[in-house]
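Notes follow once the structure below has been shown.
Keep in mind that what you see is a predicted model, and the values were worked out from it rather than measured. What you see below is based on every heavy atom in this structure, not just the backbone, and it leaves out hydrogens, waters and symmetry mates.
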Amino acid sequence: MAQVREWTYDGTELAWLQERLGRPVTGPGHVVSELVPSGFEAYLRVFHRFEATDGSGRTRKWRTWAEAAGIDFHPELSHLSLPDRHGAGGEPVWTTEAGDLDGRSRGALARCLADVTGDQDVCFAYDLAALCWGEAEPLVRRASMAGLEAVREEAADRVGSAGPEFWWPRDRSWVVTTDYDLLSTYVGCSQETAERILGEDELEALPVTPQTRVDWYADRPQHRG
């Protein structure tokens, strides 16, 4: 018989965050409020950049791809709605990683947040990844914003190379969530910080609300419920 592991947040660094997650109204799919805590002025979706699999190093933004195909670029856009994802017409296959914000975007987001965080410690947490890799509880590391890549490198042997799933500073003025199964990262923060992120050329981001759908079928008519 398969053994079911118990997983509790009591007494962990993630307890406060989990207490502020949830969905007040039931509905189809999943929404931002299940990923990012309540109580922030602004919420953003940061799209993970696509990369060509032909070794060229080329990248592709969601907006560019959507507009070229005549598709509206909007906060609930699913990668399943983008055409020719599998290399049709001589194009390479374009991929992006679930649960892992690409390096260029991750660095740009870290720089934006460093500007508003100052010298505070930041918590970098691995939740589902820790569970899947057999940890006894969520894996949380504290470092400065400049220490993000060192945290990822140190954690890779224990929880894999993706993530972290959550980041937040000591004053909890913002939270970043990169869900293990999704192709975008979500941020809760002040309006001022949101404007800073939206104005960063290296990031592709859109405002969202706590009720915005986040799942793969968010804009698929047959799955809207």
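Arg45 and Ser184 are linked by a side-chain donor-acceptor pair at a separation below 3.5 angstrom, with hydrogens and angles left out of the test. A donor-acceptor contact under 3.5 angstrom links the side chains of Thr193 and Ser190, judged on distance only. Judged by distance alone, the side chains of Tyr186 and Asp179 never bring a donor and an acceptor atom under 3.5 Å apart. Side-chain polar atoms of Thr117 and Trp174 form a donor-acceptor pair below 3.5 angstrom.
Side chain of His79 to main chain of Trp216: no donor-acceptor pair is present (N/O by atom type, distance under 3.5 Å, no hydrogens or angles). Without hydrogens or angle criteria, Asp102 side chain to His48 main chain gives no donor-acceptor distance under 3.5 Å. With hydrogens and angles ignored, the 3.5 Å screen pairs a side-chain donor or acceptor of Glu34 with a backbone N or O of Val31. Of the possible donor and acceptor atoms, one in the side chain of Glu165 sits under 3.5 Å from a partner among the backbone N and O of Asp127.
For Asp171, the CG atom is densely surrounded, since the number of other residues' heavy atoms within 6.0 Å is greater than 12. Atom CD of Glu97 has 12 or fewer heavy atoms from other residues, nucleotides or ligands within 6.0 Å.
A cation-pi arrangement, defined by a distance under 6.0 Å to the six-membered ring centre and an angle within 45 degrees of its axis, is present between Arg20 and Phe40.
A salt bridge links Glu67 with Arg63: the closest approach of a Lys/Arg side-chain nitrogen to an acidic carboxylate oxygen falls below 4.0 angstrom. No salt bridge links Arg106 with Glu202; every basic N to acidic carboxylate O contact stays at or beyond 4.0 Å. Using a 4.0 Å cut-off between charged nitrogen and carboxylate oxygen, Arg142 and Glu13 count as a salt-bridge pair.
Annotation: side chain of Thr64 is not in contact with side chain of Phe73 (no heavy-atom distance under 4.5 Å). A heavy-atom distance below 4.5 Å is not found between the side chains of Tyr43 and Cys189.
Ring centroid separation for the pair Trp168 and Trp16 comes in under the 6.0 Å cut-off.
Between atom CZ of residue Phe50 and atom CZ of residue Arg58 there is a gap of 14.5 Å, rounded to the nearest 0.5 Å.
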